[in-house]
Each structure stands twice: as C-alpha cells, then as structure tokens.
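To start, the structure under review is shown below, and the notes come after it.
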Amino acid sequence: MLNLKNFINYVEKRNPNESEFLQAVTEVVEDIIPFLNENYPEYETLKILERLAEPERVVSFRVAWLDDSNTVQVNRGYRVQMNSAIGPYKGGLRFAPDVNLSILKFLAFEQVFKNALTSLPIGGGKGGSDFDPKGKSDNEIMRFCQSFMTELYRHIGAETDVPAGDIGVGTREIGFLFGQYKRIQNNFTGVLTGKGVNWGGSYIRPEATGYGLLYFVACIYDYIDQNLEGKTVCISGAGNVAFYAAEKAIALGAKVITLSNSSGTLYDEDGFTHEKLTYIATLGRNIDKFTEKYKSSSFHAGEKPWQFKCDIALPCATQNELNGDDAKKLIENGCKCVAEGANMPSTAEAITVFHAAKVFFAPGKAANAGGVAVSGLEMSQNSIGQQWTSAKVDTRLKAIMENIHKTCLRYGKEESGYINYLKGANIGGFVKVAEAMKSQGIV
Ligand code: GLU
C-alpha cells in the first residue's frame, strides 16, 4: 500500500527547495493515493506516481540579448517536458522575474492533469524565463524572443512539444517566437499556439481561459438549479484571463466588482460594464486612474480583492495569491463559490478552509482548462489546414468545459452529496494518464 507521508517525503528529498512543485504534487497525491490503493494497487509496483512526479526531460539554457542601450543582458530559459503519455508536451511559456525551476515544474505537473481533463490528445509541459517584460520596448521583446527561440527550437515541434502563452507571453511574444522558429527551420507549422488569427491562430483563443472559467462556474450553478443572474463576483488580476472572465460574467448577468494587479485592487460598487472594461484595457498597468473617471470606484493600493463581499471569487492572477486568511474572510462574507482562473492561486490552507466550509471550490486544472483546450483546437485546425469560425470554437469550448464538469462530478461526489471538485479533477486527470502510461510500458 502506498503511504501518503512517505511519498511526499520521497518527492521532497528528490526536489529540495522546490516548495511550489511540492505543493502541487501534494495537492494531487492526497486524493490519488487513497483512490489508487483501493482501485489500482498494481500502479504501486509500476511506480506510476514516482514517474508522474519526475519530468521526462528538463532543459535549461542561457538567453543572452542586447537591450536598447546596447548593454548585454543574460537571462535563463527553461522547458520542462513533464509527461507525453497522451500526446505531445503542451503548455505555456511564462516570462516573469520570479520564474524558476520549482515554479515551472509545478505548472508542468498541473498541466498534465489539466490537459488530460480536456479529453484532447495533449501531454503536459511548461517553460519560460526569468526575463521581465515590464517596461521593455517592442524591439527588446523581439530580440529576447529571438534569442530564446534560437535555443528552444531544437527541443520543440508540432508533434513533439507545442508551447503557448502564459503570464508575460501573449500574441506579440508568440509572433516573435514563431517568426524566429520559422526562419530557423524553414517550416510553417503549428509549433506554437496562441498565434494571430491571420497566421494560423484560432478564433476565441485569447478569450478561451476566461470564457471557459465562466462556462465551468455556470455548470456548478446549473447543478444546483441556479444561474449567475445577480451574483456578485470578485476577480483578481487584470490580464487576459481576468478580463475575459469579467466580460463573460457580465454577459451571464453577474455583477463584477473588482479587478487587481500587483499595485492594488480596483473596486467598483456599481459593477464593471463592457464599456468600463474597454476603458480599463487602455490604462495598461495604471488601473488606479480608472477612479478619476468613474466615481463609483475606488483603488485600494497594496490590497487584494478578497476583503469585498461577493458570492463568487475568481482568482485570476498568479500562484498562492489567496491564503488561509483571505479564504476565511471570503467565507465570513458569504462567498459560496471559488473557481481558479490562475494556476494554483489558492494556498493549501485556503483550500482546507473552502472544503471545511463546504463551498464549491473549482481548482485551476479543471476551471481554467479552457485556454489549453482551445490551444488543442488550434493544433487540430493547423494540422488539417483549416480555420474554424468563432461560433464553432466557442461551442466546442463550452462542450469541453461541460465535460470536465461531468468528470469532476463522477470522481468528486462525496457521500454527503458535497462535490469535491479538486478530488474529481485530480482523479479524472490521473486515470487517463496512468492508463496510457501503463499501456506504453516502463518508460
Ligand atoms: N498557459 C495556459 C495554461 O496554463 C495555456 C497553455 C496552452 O495554451 O498551451 O493552461
């Protein structure tokens, strides 16, 4: 019988000082080990869990580039190819100063389960750099991306590993990366997703994570015979995910009262509208300037959104942005549902608080899978040389999110009737990957 504590110790010993990776593995194996001992005891001898917690390959490389003042800059680039049991490695690239191997391994590990939940044939990976895109010129971004791809190109391919965007990597960066890949390989191929719609990208890809998050939340409410009409929503973040989550929440009749970035939280007691969101998008990082135009709003410098009273909380910024105290505050204020638009935004303590309060807690690997799902649809469109309409992609995205919700119900419904979405997502993703690993032998 596999023992949870022993397994966590084993992972900790092999990956010293990688707290985020250990957190992500612990969050999964707490659910998997009891399930596996009961249903798949043979997986212990096959060392399926040990293999899942060991990346198939990790590359780390130097990225040297010249900034606008002709000074040489040196960053570190990575690609973590975690698991390819069900398809080519798939997952984003993150450019942010805090990027390190622990963060990329946690993200790649999560991605394996998330991608399996989409039902598409995609394995899990993640990569990026400690490069900080903030304050850089377009030319600096381009030179960095070209230097980054000049090493990365040899490790990726449309049928090997297909990176995409994540924090700090959007359509602009994917464009520069793609241009350099094509130049080196003399090959126009679906090696990256999140491309522009005029050059191989899919409609709805920019919106997909935020829209998918709301489709998932709508499934949760539908399950209890309710809808989002009149519900108050707090969202953190002001990037792609937060923005399109807000847009879809509003379209579904909810009232969105917060957005945030690393400088603080923007609160609007009247709720944001489509027009207000369009205005925020023009402000860049200076979201505090919004208050000059809209008197119903206030900016709370250095604060998080979780102090405001809401029915639904959607953390869409970054890992560990919502801790145990924030979780308690949300519960005290009557919050009933937390769905993660970011990857692992809730700490282990916060999750314990949500489960104890029996609120709906939808983990990122289920709730934010819409982004990678539409990336998978972009790969399909590229490989058949077609481009589907927005309506077709959106319909498929919605169906995928509904299917993930069903998987969570199947594996996460407890005797009391409470739906443990985390358990459902962990087991649902695991079963698919583990069966594929078993079929493919000891590799
Ligand atoms: N970075 C996104 C995620 O966390 C999307 C990855 C992709 O599209 O490959 O799932």
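Atoms within each ligand, like the ligands themselves, are counted from 1 in listed order. Here the structure is a predicted model, which means the values were calculated and not measured.
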For Ala164, counting its heavy atoms only, list the atoms of ligand 1 lying under 4.0 Å from any of them.
7 (C), 8 (O), 9 (O)

Just to be sure I read this right, does ligand 1 sit under 4.0 Å from the backbone of Asn343, its side chain, both, or neither, counting only heavy atoms?
side chain

Between Phe148 and the options Phe95, Trp65, Tyr181, the ring-ring contact (aromatic ring centres under 6.0 Å, His included) test singles out Phe95

Side chain Glu56, main chain Ser84, donor-acceptor under 3.5 Å
yes

Would one find more than 12 heavy atoms of other residues, nucleotides or ligands at under 6.0 Å from atom CZ of Arg410?
no

Using a 3.5 Å distance criterion without hydrogens, assess whether the side chain of Asp326 forms a donor-acceptor pair with backbone atoms of Asn323.
yes

Please write down residue, atom name and distance for the protein heavy atom closest to atom 9 (O) of ligand 1.
Lys90 NZ, 2.7 Å

Among all protein heavy atoms, pick the one closest to atom 6 (C) of ligand 1 and tell me residue, atom and distance.
Gly92 N, 3.6 Å

Is the centre of the Tyr10 ring less than 6.0 Å from the centre of the Phe7 ring?
yes

Short N/O distance, under 3.5 Å, between Gly165 and ligand 1?
yes

Determine, considering heavy atoms only, which of Lys114, Lys126, Met379 sits nearest to atom 10 (O) of ligand 1.
Lys114

I'd like to know whether ligand 1 has Pro163 as a neighbour, heavy-atom separation below 4.0 Å.
no

How many angstroms lie between atom CD1 of Ile204 and atom OH of Tyr211, to the nearest 0.5 angstrom?
6.0 Å

For Ala367 and Glu340, the nearest pair of non-hydrogen atoms, with its separation, is CB-O, 3.7 Å

Atom indices of ligand 1, in the order listed, that fall short of 4.0 Å to a heavy atom of Ser375:
7 (C), 8 (O), 9 (O)

Suppose I only count heavy atoms of Arg205 and a 4.0 Å limit; which atoms of ligand 1 are within that range?
5 (C), 7 (C), 8 (O)

